[in-house]
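For reference, the structure discussed in these notes is given below.
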Amino acid sequence: MADCLFCKIAAKQIPASIVHEDADLVAFKDIAPQAPVHVLIVPRVHIESLNALDECHGALMGRIIVVAAKLARDLGLAEGGYRLVTNCGPDAGQTVFHLHTHLLGGTPLSGRMG
Ligand code: AMP
Ligand code: ZN
């Protein structure tokens, strides 16, 4: 989608520190990390948020989790643990309206949820 930050990062029109890419997904370091490891996993296809999902997205969403878990292992987070977060809409504080999952770890994370 024109004028979408994460579409542009996926298309390499805007630079990012990419840690994984494949036919479906791109993962890159968050520009304002909230933990020692803070990676965003995004689908190449533009999906605005979890609100836009339907049955056809099941495999893609599964891949996001599988790739996040592989990255967590590769980045040394498996033993200590980590958190995956996907914010949806204003109450959750979503600021970029291209679906993405945060991978956070490398330190004890505050609170139980967000
Ligand atoms: P959310 O608040 O869940 O929508 O998350 C959006 C995330 O995108 C935030 O953690 C931002 O720090 C991050 N972000 C914004 N712009 C960039 C960028 N150019 N490169 C990498 N991460 C970004
Ligand atoms: Zn997009």
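Every number for a ligand or one of its atoms is a count from 1 in the order of the listing. Computed from heavy atoms alone, side chains included, the values below leave out hydrogens, waters and symmetry copies.
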**Message:** Has His38 got a side-chain atom pairing as donor or acceptor with Ile31's backbone, closer than 3.5 angstrom?
**Reply:** no
**Fill in**
ligand 1 atoms nearer than 4.0 angstrom to some heavy atom of Ala32 are 12 (O)
**Message:** For the metal site, I want the angle between atom ND1 of His98 and atom ND1 of His46 with the Zn ion (ligand 2) at the apex, to 10°.
**Reply:** 110°
**Asked** For Leu77, which of Val39, Leu71, Leu103 qualifies under side-chain contact (heavy atoms from CB on, under 4.5 Å)?
**Response** Leu103
**Complete:** Taking only non-hydrogen atoms of Thr95 and a 4.0 Å limit, the atoms of ligand 1 in range are 1 (P), 2 (O), 4 (O), 5 (O), 6 (C)
**Complete:** In this structure, atom 16 (N) of ligand 1 is nearest to the protein heavy atom Leu5 CD2, 3.3 Å
**Message:** I need the contact type for Phe6 against ligand 1. Using non-hydrogen atoms and a strict under-4.0 Å cut-off, is it side chain, backbone, both or neither?
**Reply:** side chain
**Prompt:** What is the minimum heavy-atom distance between Gly89 and Gln94, and which atoms define it?
**Reply:** N-OE1, 2.8 Å
**Asked** Between Gln94 and ligand 1, does any nitrogen or oxygen pair lie at a separation below 3.5 Å?
**Response** no
**Item:** Close N or O approach (Val96, ligand 1; < 3.5 Å)
**Value:** yes
**Nearest non-hydrogen partners of Arg44 and Ala23, listed with the distance** = CD-O, 3.3 Å
**Prompt:** More than 12 non-hydrogen atoms from neighbouring residues, nucleotides or ligands closer than 6.0 Å to CG on Asp3, yes or no?
**Reply:** no
**Nitrogen or oxygen of Ile9 less than 3.5 angstrom from that of ligand 1** = no
**Part of Asn87 within contact of ligand 1 (heavy atoms, under 4.0 Å)** = side chain
**Request:** Go through ligand 1 atom by atom and flag the ones less than 4.0 Å from a non-hydrogen atom of His100.
**Result:** 1 (P), 3 (O), 4 (O), 5 (O), 6 (C)
**Prompt:** Taking both backbone and side-chain atoms of Ile31, is any N or O found less than 3.5 Å from an N or O belonging to ligand 1?
**Reply:** yes
**Item:** Under-4.0 Å heavy-atom contact with ligand 1, by part of Leu40 that carries it
**Value:** side chain
**Item:** Heavy-atom proximity to atom 7 (C) of ligand 1, best of Asp30, Val42, Val85
**Value:** Asp30
**Message:** Counting only heavy atoms closer than 4.0 Å, does ligand 1 sit against the backbone of Lys29, its side chain, both, or neither?
**Reply:** backbone
